[in-house]
Amino acid sequence: MINKIVQSIAESLEGVPHGATILMGGFGAVGQPDELIEGLLEQGARDLTVVANNAGAGKVGLARLMMEGRVRKIICSFPRSAGSTVFEELYRAGKLELEIVPQGTLAERMRAAGAGIPAFFTPTGAGTKLAQGKESRVFNGREHILEQALPGDVALIEAWQADRWGNLTYRESGRNFNPVMAMAATLTVAQTHHVVDLGDIAPDHVHTPGIFVQRVVQVERGAPWV
Amino acid sequence: MINKIVQSIAESLEGVPHGATILMGGFGAVGQPDELIEGLLEQGARDLTVVANNAGAGKVGLARLMMEGRVRKIICSFPRSAGSTVFEELYRAGKLELEIVPQGTLAERMRAAGAGIPAFFTPTGAGTKLAQGKESRVFNGREHILEQALPGDVALIEAWQADRWGNLTYRESGRNFNPVMAMAATLTVAQTHHVVDLGDIAPDHVHTPGIFVQRVVQVERGAPWV
Amino acid sequence: MQGDSVPLRITQRNPRHTRALGDPMELKLMAGVTRQGMAARVARDIPEGWFVNLGIGIPTMVADHVPVEREVILHSENGILGMGPAPEAGKGNAWLVNAGKQQVTLRPGGSFFHHADSFGMIRGGHIDLCVLGAFEVAENGDIANWATSENDSAPAVGGAMDLAAGAKRLWVVMDHTTKDGRPKLVEACGYPLTAPGAVQRIYTNLAVVDVVQGRGFVLREILAEGMSLAELQAQTGAVLHTDA
Amino acid sequence: MQGDSVPLRITQRNPRHTRALGDPMELKLMAGVTRQGMAARVARDIPEGWFVNLGIGIPTMVADHVPVEREVILHSENGILGMGPAPEAGKGNAWLVNAGKQQVTLRPGGSFFHHADSFGMIRGGHIDLCVLGAFEVAENGDIANWATSENDSAPAVGGAMDLAAGAKRLWVVMDHTTKDGRPKLVEACGYPLTAPGAVQRIYTNLAVVDVVQGRGFVLREILAEGMSLAELQAQTGAVLHTDA
């Protein structure tokens, strides 16, 4: 019997290696896999490249991972936001690499990785300083730049419902980056609010089919903020 | 008030010009917009380029459109199947252009058109005769070819439910090419089995958001085959 | 539309934002319309049925000025179509936030989707209109709104480049000048670009200005009460053409 | 595994397909295993938990030979995961068809998605195994299974190239030779390629053969009762290596 549900956060993160590229779902706090990120703190992997929309806030989660010197590089669209002081200090001190990627290009690069597309042309960023060093080409009279797929070794995502095959649903705007990160990683770990029986998610309503998910772990919290 | 629902097939196809590229949904008979294709026969547009997975069967629908000399070119993955005699005769007689595209590349080219990606690299077809004349490049030690977006002027698709904003659901394997065609066309016309009130489709269960749909017309048939 | 000699009048449409003399806000009003007034002016030009993405700041306020009977479908790049206004106090839903991470509501007919689909809508040209703030707009339509200097090594681009490059129309709403009086409508942007040649129209506290390919800035309307074209030109960093 | 001198025996596992002597099918059986036998042999090698896409023909039959207690999740490129067997007579659902356009069923836990997502699974390497038929397989793993000649100007490629290029593993199941006795395991494909270097394993009516990079064909098992390696080699268009 296929059973992707594991019994603890620790088990769900077994084997995450040093040097891994970690895709972290969520847009701000919504759809962010907080327990898995806390688990990663415990788990110990270091020299990480983290891909996320934001660069952490406060002194918990991703910000704490950075404070502990576990993150080598951040790939994100919006590093500076309310409370991103940890990022800013480390970055100014030269202790953190940063790759800024437009939000849609970030999503599309992960979707491409998941779909076996190694590179694609996009108009986003053409003619700006983010195009520096990138191949460009004119299509339909307009400049485009070539962007590369962005695969992950591990994706940490947050789901609303999950079953033992790893089928997932997300809740409202908690969907955001989670489905494309699930596609893009070799090991996708989903924390979920609800574990349901196989077949309880209607086949027309599955958001992420289980083929993109390797491990599922249930968490208790019912909302992105407590 | 936004209301994309029109009252007749004829109205739903108003303004389809000669020379248009028409994307036709469906995989075989499932999810195929039969009434819209019949309507196109009536409507009169000619010199068409038709994009579909198959090249028609029997003497109805797409096959009839070809018989009437209205189709200049077919872009498809699987032209020859049971009953595709109309296609085969016209093609042998040199009365029809044909572009063969691998099924996944066909879907991805339309998805790219809908998502503003003018071209992408794919391993599919590399090293085969379908790669002839295409730019190729090695990524990760493997040859890939560059494929171009495939936009449509019109998409004819089949939905299960639709509302007045053009939000759609599909039924089971009737989804197939329909969502990517809806994205890829300037004018997307959906025939639907059910018209529902705004809000009746749960926001987490919408398959094609109304942004990709311009006109909706209700049809009576309840299954792909009668 | 407005020639040099046309009598100029304030066209702010939202009387509830007019304040009594002596109110500190009045100083601002004297220099043109308020932020709410600018948002209202933008809203006036959005027809029913458009899919619209509103950036953070004044653009977000535009939604409140679209009459409820005029259906405009709001897109948020974090995966929402059909966004409604902020929830009533105490009725917020933590799972439902806009691109600014503020709680919002969903209208009947709304839908959720993932980030790649959401930016497919943007990049694919399905969004009829995007309204953004900006640091500068150049007369060729270049927009700079993401990085405050070439030396800003950790700028936050978010979805701005995608929206500027992808939406069918890009309108900018911003003050006509910086707080210290330097023009924000310029011949060429000094700040790093968000996208080249992307802006079609600018709404400021002083005027509505179109960007017309091959011509540059074309004045459509002066919003600041009592302001002449010459006075407006003096606060603008490039030639303001008129259709008169 | 099987050396030249190893006693050879039929390894067909599905006794219900064994027929009495005198049955016309027996002639076929004498020349190796039946189509169902080939499908059963493939099924034996598929472990629980794999996502598997089965091509039209013998590959489709593989599903019937996976024991129900061993969960293997079947993918169909028209947008299905978790396909079940054909429906009972009279219980068909016209909306639920596989890539061969035959009615199928869906297991609990199954899901539907669109074509771009479906081929994203394939191209993205998420399908653990694809089983296809073929006209020819070359010792370098090239597969030809879509066009019967270079001059076939309207060949039907369908999803074959995507599957051959994209699946994590590609196994071919086909007769060892053509009906007129020409080998289908060859040094180099004569027919137009579906994908270069894609095949890992071949199941024929006579044998199981691996394609090993740098070595070529490596015999794993002879399936035809009483057949020697020399006899098998005589029906094979390239050298059959053995691990012995």
Side-chain angles (χ1 to χ4, degrees), chain A residues 1-5 23 107-120 149-153 155 159 161-170 175 179-188 195-216, chain D residues 46-53 66-84 93 95-97 104-130 159 161-168 170 195 198:
Chain A
M1 196 179 89
I2 298 168
N3 188 5
K4 297 183 178 176
I5 298 162
L23 316 180
E108 188 68 13
R109 287 178 62 192
M110 289 189 279
R111 191 262 175 199
I117 305 292
F120 58 90
L150 178 56
D153 297 302
Q161 295 171 299
D163 64 28
R164 66 177 175 83
W165 279 12
N167 293 305
L168 307 179
T169 67
Y170 307 96
R175 197 177 317 185
V180 290
M181 289 180 169
M183 289 177 70
T186 307
L187 169 65
T188 293
V195 168
V196 300
D197 285 341
L198 211 59
D200 277 4
I201 306 173
D204 284 325
H205 298 163
V206 171
H207 292 148
T208 289
I211 193 168
F212 296 126
V213 179
Q214 282 67 48
R215 297 178 191 164
V216 169
Chain D
I46 302 177
E48 181 158 270
W50 275 16
F51 292 86
V52 179
N53 184 296
V66 176
V68 285
E69 69 278 10
R70 193 201 305 161
E71 284 191 336
V72 168
I73 300 179
L74 297 180
H75 174 266
S76 185
E77 57 264 42
N78 57 319
I80 312 174
L81 269 175
M83 245 191 329
N93 170 359
W95 291 91
L96 185 39
V97 302
V104 291
T105 54
L106 192 76
R107 294 187 189 280
S111 56
F112 300 108
F113 33 85
H114 62 57
H115 252 82
D117 281 348
S118 182
F119 280 87
M121 294 175 191
I122 293 169
R123 202 189 305 102
H126 305 280
I127 302 291
D128 294 293
L129 171 67
C130 175
M161 284 190 183
D162 310 275
L163 286 160
K168 242 180 250 177
L170 177 63

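Please read all numbers here as calculations on a predicted model, not as lab measurements. Chain A is the first sequence line, chain B the second, and so forth, proteins listed ahead of strands; every chain is numbered from 1.
- A salt bridge (charged side-chain N to carboxylate O under 4.0 Å, His left out) check over residues 205-216 of chain A, counting only residues at least two apart or in different chains, returns nothing.
- The closest donor-acceptor contact from the side chain of A:Arg164 to the backbone of D:Gly109 lies at 3.5 Å or more, if one exists at all.
- The line from CG of A:Leu168 to CZ of A:Phe212 is 11.0 Å long, rounded to the nearest 0.5 Å.
- Contacts between residues 71-80 of chain D and chain A, counted as heavy-atom pairs separated by less than 4.5 Å, involve D:Glu71, D:Ile73.
- Heavy atoms of A:Asp204 lying under 4.5 Å from chain D belong to its backbone as well as its side chain.
- Ranked by heavy-atom pairs shorter than 4.5 Å toward chain A, the options D:Gly125, D:Ser111, D:Gly49 are led by D:Ser111.
- The main-chain N or O of A:Trp165 is found under 3.5 Å from a side-chain atom of A:Lys4 such that the two form a donor-acceptor pair.
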Evaluate the side chain to side chain contact (heavy atoms under 4.5 Å, CB included) criterion for residues D:Leu106 and D:Phe112: first the C-alpha distance (whole Å), next the side-chain angles of each, then the deciding distance (0.1 Å), finally the verdict. CA-CA 10 Å; D:Leu106 192 76; D:Phe112 300 108; 3.8 Å; yes
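- Heavy-atom minimum distance, A:Pro209 versus D:Phe113: CG-CD2, 3.9 Å.
- Among the candidates A:Leu198, A:Ile211, A:Asn167, A:Val206, the residue making the largest number of heavy-atom pairs closer than 4.5 Å to chain D is A:Ile211.
- Interface remark: D:Ala116 contributes backbone and side-chain atoms alike to the contact with chain A (heavy atom separation under 4.5 Å).
- Between D:His126 atom NE2 and D:Lys168 atom NZ the span is 8.5 Å, to the nearest 0.5 Å.
- Formation of a donor-acceptor pair under 3.5 Å by the A:Asp163 side chain with backbone atoms of A:Val196 is not found in this model.
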